[in-house]
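The block underneath contains the structure these notes are about, expressed in structure tokens.
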Number of protein chains: 2
Amino acid sequence: MVKITDVARRAGVSPSTVSYALSGKRPISDATRRRVQAAVHELGYRADAGRVRAGRGSKVLALAVPMRPGIHVPVMTRLAVSVVTAARAHDHDVLLLTQGDGEEGIGRVAETGLADAVIVTDVQLHDPRLPLLRSRSLLSVPIGVPAEPEGLTCVDLDFRAAGELCVEHLARLGHRVVALVGSPPEVYVRRTAFARRLVEGFTSAADRHRLTSAVHPCGTGREDARALTERLLRELPALTAVVVHNEPLLDPLTDAFERLEVRIPGDLSLTAVCPAPVAAAARLPLTSVAVPSAELGARAVRLLMRKLSGAPVPGATLLPPRLTERASTAPRGV
Amino acid sequence: MVKITDVARRAGVSPSTVSYALSGKRPISDATRRRVQAAVHELGYRADAGRVRAGRGSKVLALAVPMRPGIHVPVMTRLAVSVVTAARAHDHDVLLLTQGDGEEGIGRVAETGLADAVIVTDVQLHDPRLPLLRSRSLLSVPIGVPAEPEGLTCVDLDFRAAGELCVEHLARLGHRVVALVGSPPEVYVRRTAFARRLVEGFTSAADRHRLTSAVHPCGTGREDARALTERLLRELPALTAVVVHNEPLLDPLTDAFERLEVRIPGDLSLTAVCPAPVAAAARLPLTSVAVPSAELGARAVRLLMRKLSGAPVPGATLLPPRLTERASTAPRGV
DNA sequence: TTCACCCGTCGAAGCGCTTCGAAACCGCTT
DNA sequence: AAGCGGTTTCGAAGCGCTTCGACGGGTGAA
């Protein structure tokens with residue numbers, strides 16, 4: 001194994017100079033740096049990984065994305081990309097954790113110092129990872145707000161307000177019977193924070209406006225969509241509006257309504273909660289509340305950087321939802 | 001961070017004893033070992049990422065996913081997830097690189113030894129990253145086969161064979177005029193390896209079977225789909241079959257054909273090249289050649305591990321394509 | 001009882017690297 | 001010629017860990 005002293009000898013400098021030349025932690029003259037780099041290259045030197053990060057600050061962030069059934073893959077992808085981009089802007093790299101529950105991964109990363117902070121996604125109301133996140137040994141920013149967010153620095157879209165906003169939009173259009181077509185049941189069973197919050201907002205706004213409302217979790221397949229539409233029409237014959245919080249179901253659902261001769265927005269108004277591009281590119285452009293995945297990722301990174309630098313950070317950041325009208329909603333009975 | 005001396009103190013032994021108890025390199029009495037293990041457990045000690053790992057190797061893999069316009073996001077996501085899963089099975093973590101061109105990221109990772117190997121995606125025929133990948137200083141596995149794959153360990157679906165397979169399937173069904181609806185133009189401008197290879201296969205098979213053929217890159221929007229379908233019907237009135245290698249366009253395209261009263265598969269047979277789940281879940285289940293993203297990721301990791309262990313590896317692995325018949329193809333004129 | 005002989009343990013040295021403090025050097029001004 | 005501020009480089013100490021050599025105290029044989 002070629003070591004730093006070999007490089008130093010070859011470059012005619014001391015080991016410490018090589019160390020600084022490679023890490024950039026102290027200024028090194030251009031000439032010397034070039035000689036060191038040449039030596040590194042010629043000898044094929046590679047820093048002994050362990051020690052490199054002995055001094056704290058590995059310049060690595062972990063991103064925990066539990067790939068659980070029912071999560072919205074495109075949302076997660078956008079999030080991941082924005083996190084990496086933002087992290088790079090702060091000279092950090094991103095380690096991707098996708099473990100089933102993520103607990104093991106986060107622990108490992110914290111203990112070994114592989115990463116010096118972690119962004120956690122798909123937060124549940126009573127997330128088993130919370131104790132770990134609250135522990136002093138690891139800085140973290142959850143994207144999602146658990147039941148008791150004390151001691152955490154959370155970021156998320158205000159899903160409660162998003163649910164309310166959808167209902168208010170529909171109520172304003174004169175609709176009196178609304179349904180929420182939600183994510184797959186397992187998402188609620190896990191008590192995923194954002195899904196639950198949306199339901200809360202939806203229900204409370206519906207009550208406030210004295211609307212008849214129903215909530216239906218739903219799988220993502222075409223069969224699921226078909227079954228649900230039939231059931232909705234049967235159980236709620238007066239239904240004229242739905243809110244859909246289930247990205248992959250959007251297309252199958254509009255399709256299923258179409259087959260049942262239910263026109264959108266003529267007979268039924270549809271509001272989606274999904275990333276803006278998805279809503280805009282749908283077969284029928286959908287009125288939607290945007291899930292700003294990219295912004296969430298960028299904000300999470302920004303907060304983490306502030307925490308790393310020791311600056312004070314807000315307890316929780318809830319982005320206000322924004323509704324964009326497109327072609328899938330209309331006043332009732334027009 | 002809890003260190004070996006903490007454990008030693010807790011167990012009432014010397015650090016060296018702890019080291020031996022954990023590594024098993026010298027006999028340690030059962031009683032002592034048990035006390036050490038208890039202390040380790042209570043304090044949550046994890047060996048500092050340096051020495052335990054046999055000296056070399058950071059146990060981190062980099063995955064370079066250039067997020068360029070026109071790439072197939074779901075394919076990349078599947079790939080990323082499978083890479084992380086496979087890497088974890090080999091006790092490695094995954095660093096996500098998404099830089100524009102990826103060159104800088106790969107270089108950085110190689111220089112700093114942050115990762116000890118890298119998986120490269122979205123390979124172009126003349127990829128600027130190739131010199132870096134060929135250099136001795138970094139182990140790599142490109143997913144994709146450049147024009148000159150010498151000295152590399154590539155993995156990919158055999159896209160040339162995939163193109164041929166689609167054409168042969170259609171030819172066997174009696175179709176005489178076929179079109180390839182490709183990825184967005186920028187993908188070809190970059191000379192992305194897999195896209196170019198598919199075109200080659202498509203064209204050469206069409207020529208071999210004396211079919212009339214045409215190749216059309218196409219954007220991913222509904223407008224693009226609409227414009228393209230009209231153009232196809234105008235320029236190739238005898239067209240009865242298309243191959244689509246453009247995942248996000250699948251739905252808009254079938255939709256556009258529908259609007260022009262072109263029935264699938266009655267008037268037109270459609271074969272897709274995309275991940276199997278996408279084809280199976282489409283509104284009309286599509287006959288397709290599967291892009292096995294998950295398997296590609298797993299294979300790439302396996303190869304990388306072999307390289308890391310110094311074992312010999314094959315030069316290139318080309319997975320044979322498999323075509324699955326679904327509801328979008330039929331014999332001509334039925 | 002004495003003596004080899006292990007087994008289990010310890011102390012200390014060493015590994016490759018980082019990092020702190022200080023020395024050496026540079027081109028200027030006095 | 002000496003002094004100065006700034007940059008660049010070095011030497012030495014230290015990090016958490018492994019590993020070598022040696023020590024102590026039991027054992028069985030003489």
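On a predicted model such as this, the values are computed, not experimentally measured, just so you know. Side chains are part of it too, since the values below use all heavy atoms of this structure and drop only hydrogens, waters and symmetry mates. So that the names make sense, note that chain A is the first sequence line, chain B the second, and so on, each numbered from 1.
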Backbone N/O of [Y] and side chain of [X]: donor-acceptor pair under 3.5 Å:
X: B:R33; Y: B:I28; value: yes
X: B:S82; Y: B:A294; value: yes
X: A:T17; Y: A:V13; value: no

Is any side-chain heavy atom of A:L63 less than 4.5 Å from a side-chain heavy atom of A:L97?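 In short, these two side chains do not touch, never coming nearer than 4.5 Å.
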Derivation of the salt bridge (Lys or Arg N to Asp or Glu O under 4.0 Å) call for A:K3 and A:D6: CA-CA 5 Å; A:K3 35 194 157 171; A:D6 301 330; 5.8 Å; no
If the cut-off is 4.0 Å, is A:K25 near the phosphate of C:dT19, judged by side-chain N/O to OP1 or OP2?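 Yes.
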B:V141: which of B:T317, B:V155, B:V301 passes side-chain contact (heavy atoms from CB on, under 4.5 Å):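 Filter result, single survivor: B:V155.
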Protein-nucleic acid N or O pairs under 3.5 Å, nucleotides 5-11 of chain C:
unit_1	atom_1	unit_2	atom_2	d
C:dT9	OP1	B:S29	OG	3.0
C:dT9	OP1	B:T32	OG1	2.0
C:dT9	OP2	B:S29	N	3.0
C:dT9	OP2	B:S29	OG	3.4
C:dT9	OP2	B:T32	OG1	3.4
C:dT9	O4	B:R26	NH1	2.9
C:dC10	OP2	B:S14	N	2.9
C:dC10	OP2	B:S14	OG	3.4
C:dC10	OP2	B:T17	OG1	2.4
C:dG11	O6	B:S16	OG	3.4

Any donor-acceptor N or O pair under 3.5 Å, side chains A:S19, A:S16: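 Note: A:S19 and A:S16 side chains miss the donor-acceptor criterion.
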Protein-nucleotide distance (A:K3, atom NZ; C:dT18, atom P), rounded to Å: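 From A:K3 NZ to C:dT18 P: 14 Å.
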In whole angstrom, what separates B:I4's CD1 from C:dC15's C1'?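 Nearest whole value for this atom pair: 15 Å.
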For A:T32, enumerate each residue passing the side-chain hydrogen bond (donor to acceptor under 3.5 Å, both in side chains) test, keeping only those at least two apart in sequence or located in another chain.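 With sequence neighbours excluded, A:T32 shows a side-chain hydrogen bond (donor to acceptor under 3.5 Å, both in side chains) to A:S29, given in chain and number order.
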Have a look at the helix from C:dT1-D:dA30 to C:dT30-D:dA1 and give the angle its two end axes make, five pairs each, rounded to 10 degrees.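 End axes: 50° apart.
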